[in-house]
Amino acid sequence: MTNAEIAATFDQVADLLEFKGENPFRVRAYRNAARTIGDQPRQVAEILADPQAKLTDIAGIGKDLAEKIQALVDTRKLPMLEELLSEIPESVLAMLRIPGLGPKRAAVLYRELGVTTLDELREACQSHRVQELKGFGAKMEATILDGIGIASEAGQRFLWAEADQFVQDILAYMRPAKAVARIEPAGSYRRGKETVGDLDFLVVADHPAAVMDHFAAYPGREHTLARGGTKMAIRLTNGCQVDLRVVAGESFGAALQYFTGSQAHNIVLRGLAKDRKMKINEYGVFRGERQIAGLTEEEVYASLELPCFPPEIREARFEFQWAEKGPLPELVALDDIRGDLHMHTTWSDGLATLEEMAEAAKRRGLKYVAVTDHSKRTMMAGGLDERRLREQWVEIDRYNARRPGITVLKGVEMDILEQGGMDLADDVLAEADWVVASVHFGQRQSRERITERIINALKNPYVCAIAHPTGRLLTRRKPYEVDLEAVLRAAREHGKCMELNAHPSRLDLDDVGCMMAQNLGVAVVISTDAHSIDGLEAMRYGVQQARRGGLTGADVANTRSWTQLKKRLGKG
DNA sequence: GCCGTTTTCGGCCCGACTGTTTTCAGTCG
């Protein structure tokens, strides 16, 4: 059983316990465990098999949860969950996705009206049986009825790049308003999460009502969900919820820290404050009644003798351990990237010529690019055979001879064949500067078989990196299954790199994958797999995800010059 | 259910908004 499956199981247990009205801290223990296991860089099955390691060493996993994880790994079953599901039908959990309807009221609906599905709930609302219940009323009934539509499409998250567009539009609308002294986006958007569920904005203003009036007139607004003295929430016509919070200037730092989260990060932070007899809220840091910080985020963290963590790592995963050890390592930044090592041209399925791609990369400040068109097996993408590849390399030589101010490397994206062999002969690979190997065919093979094929490619002396190592970039459907940890171990053994392929809509090797690579000491290459000039822009999304995974410049191979990288790869 | 320089019990982050109440519980982030 994979970490993601175990996490999903614990989340379901938490939902059911919450529904039953169990001790909220017990519920939180399951939620924490789900998050921690989901973020684990190692598969827990591996940890269980390792005599040196213990599950209870993971923060938040005690004796009981360790036993439950063991049971899940051994039997794929959890007796406790089965017991819960025999008491409560799984379908009632859908009710928890209705905004404004939590476990307490959902339990009442189930207990008093026997509602088990969203359809039954709609019927109960329409026949006005809901407003008769104690604690409910006509308004609540209407809210629920409205929310049923949302619940069926709930869980919808937006890709960061999409959310970025919404954010820029809102900022462009809000910033010129007289009432707005300052506005900043916060939340998971600011933390650079791969997907964003809703947007949070923080505003400094003297007259909150004027800000909210302006916000209420935003052209993209569909309707207002809530509005109070300092807080307002709207839904956009595209379905995205936007929260706005107005604060005074002297609380700006505390509020920005608070609304950036993550929630787990804030819980740890407030716990640390409490240990020191201090209190943190969105207005500031307090010792007794006295405010001792709040103007800036730096000040808030400094009051607890902590560094101002970059937003991307505020997930209570490793940042507090980092801070204990000393100054934070410098995370990799877009400016650190010197070359892009995966892109296509009109020689195979790219839209721009070799020269256009090189010039566009140069304008982005890159010093080198590897042109990595497909190999012959990828026929429909116009993959190159040995002869065509050598022809392309003649063109590359000719281009480089003009001293264009950027170095173009002779590369190829070579298929790992269905049977496990390489699509190109070793003699031609030996002439290449940069070979990335990838799985395009036989994606439905078993996890073991695909893992074996990739590990086999890592043994080839001319292969430099594995492209789209988790298969997420290849298809909009389910990616292939692979044992990423085994692949990374093999990469370490053979001194190879792992690619993080970035694309605005999908990323291959996510933040957790980066954490795994870092733990195992495998160098990551952030590259775009660009098929057009605009595709090169995706580098920023890749860097953002690498930062979330805690990677520094030293962890990322293409922050080095090509000369240094070549030396490291043992070439020339 | 977890955790422990207040360690085996008694804590566990904290405040805003809503709707239902008439002082507050539920929900959300």
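FYI, side chains are in, hydrogens and waters are out, and symmetry mates aren't considered; it's all heavy atoms of this structure.
B/dC3 and B/dT8 are spaced 10 Å apart, taking the C1' atom of each and rounding to whole Å. Atom P of B/dC17 sits at a distance of 23 Å from the matching atom of B/dT23, rounded to the whole Å. On the P atoms, B/dG26 is 14 Å away from B/dT20, given to the nearest whole Å. The gap from the C1' atom of B/dT5 to that of B/dG1 amounts to 24 Å, rounded to the nearest Å. Straight-line distance between the P atoms of B/dG10 and B/dA16: roughly 31 Å, to the nearest whole Å. Spacing of P atoms, B/dC13 relative to B/dT22, comes out at 31 Å, to the nearest Å. Taking atom P on both B/dT6 and B/dG11, the two are 16 Å apart, rounded to the nearest angstrom. Between B/dG15 and B/dC9, the two C1' atoms lie 28 Å apart (nearest whole Å).
The residue among A/Gln263 and A/Lys139 whose nearest nucleotide of DNA chain B lies closer to the 5′ end is A/Gln263. Each of A/Phe25 and A/Lys279 lies near DNA chain B, and the nucleotide nearest A/Phe25 is the one positioned closer to the 5' end.
Using a 4.0 Å cut-off, some side-chain N or O of A/Lys274 falls inside it from OP1 or OP2 of B/dC14. At B/dC13, one or more side-chain N or O atoms of A/Arg28 fall inside 4.0 Å of OP1 or OP2 (strictly under the cut-off). Contact between the side-chain N/O atoms of A/Arg270 and the OP1/OP2 oxygens of B/dC13 is not found at any separation under 4.0 Å.
Side-chain atoms of A/Tyr258 and base atoms of B/dG29 include a donor and an acceptor less than 3.5 Å apart. Taking only distance into account, the side chain of A/Asn266 never meets the base of B/dG29 through a donor-acceptor pair shorter than 3.5 Å.
By the ring pair (Phe, Tyr, Trp, His ring centres under 6.0 Å) test, A/Phe136 pairs with no residue at all, sequence neighbours left out. With sequence neighbours left out, A/Arg492 forms a side chain to side chain contact (heavy atoms under 4.5 Å, CB included) with A/Arg489, A/Leu520, A/Val522. Among residues two or more places apart in sequence or in another chain, the ring pair (Phe, Tyr, Trp, His ring centres under 6.0 Å) test is passed with A/Phe166 by A/Phe158. The ring pair (Phe, Tyr, Trp, His ring centres under 6.0 Å) search around A/Phe10 returns A/Tyr30, not counting sequence neighbours. Partners of A/Tyr283 under the ring pair (Phe, Tyr, Trp, His ring centres under 6.0 Å) rule, at least two apart in sequence or in another chain, do not exist in this structure. Applying the side chain to side chain contact (heavy atoms under 4.5 Å, CB included) criterion to A/Leu306, with sequence neighbours excluded, gives A/Leu269, A/Leu272, A/Tyr301, A/Leu304, A/Phe309, A/Phe320, A/Ala323.
For the residue pair A/Glu5 and A/Thr2, a side-chain donor N or O sits within less than 3.5 Å of a side-chain acceptor on the partner. In summary, the side chains of A/Tyr258 and A/Asn281 do not present any donor paired with an acceptor at a separation below 3.5 Å, with no hydrogens or angles considered.
B/dG4 is paired with B/dC9 under the criterion used here, namely a Watson-Crick or G-U wobble arrangement in which both key atom distances are under 3.5 Å.
Screening A/Arg191, A/Glu319, A/Glu315, A/Arg314 for a side chain to side chain donor-acceptor pair (under 3.5 Å) with A/His265, the sole residue that qualifies is A/Glu319.
Atoms CD1 and CZ, from A/Ile313 and A/Arg547 in turn, are 8.5 Å apart once rounded to the nearest 0.5 Å.
A ring-ring contact (aromatic ring centres under 6.0 Å, His included) check over residues 220-249 of chain A, counting only residues at least two apart or in different chains, returns nothing. Sequence neighbours left out, the pairs with a member in residues 94-121 of chain A that pass ring-ring contact (aromatic ring centres under 6.0 Å, His included) are A/Phe19-A/Tyr110.
Rounded to a whole Å, the CG atom of A/Asn23 is 11 Å from the C1' atom of B/dG11. Between A/Ile267 atom CD1 and B/dC13 atom P the separation is 6 Å, expressed in whole Å.
Sorted by residue number, the members of residues 180-203 of chain A with any non-hydrogen atom under 4.0 Å from DNA chain B read A/Asp198, A/Asp200.
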All N/O pairs under 3.5 Å across the protein-nucleotides 3-10 of chain B interface:
from: B/dC3; atom 1: OP1; to: A/Gly60; atom 2: N; distance (Å): 2.8

Which donor-acceptor pairs under 3.5 Å do side chains of residues 175-182 of chain A form with protein atoms, sequence neighbours excluded?
from: A/Arg175; atom 1: NH2; to: A/Ile183; atom 2: O; distance (Å): 3.0

Contact state string [nucleotides 22-28 of chain B, B base, S sugar-phosphate only, - no protein heavy atom under 4.0 Å]: ----SSS
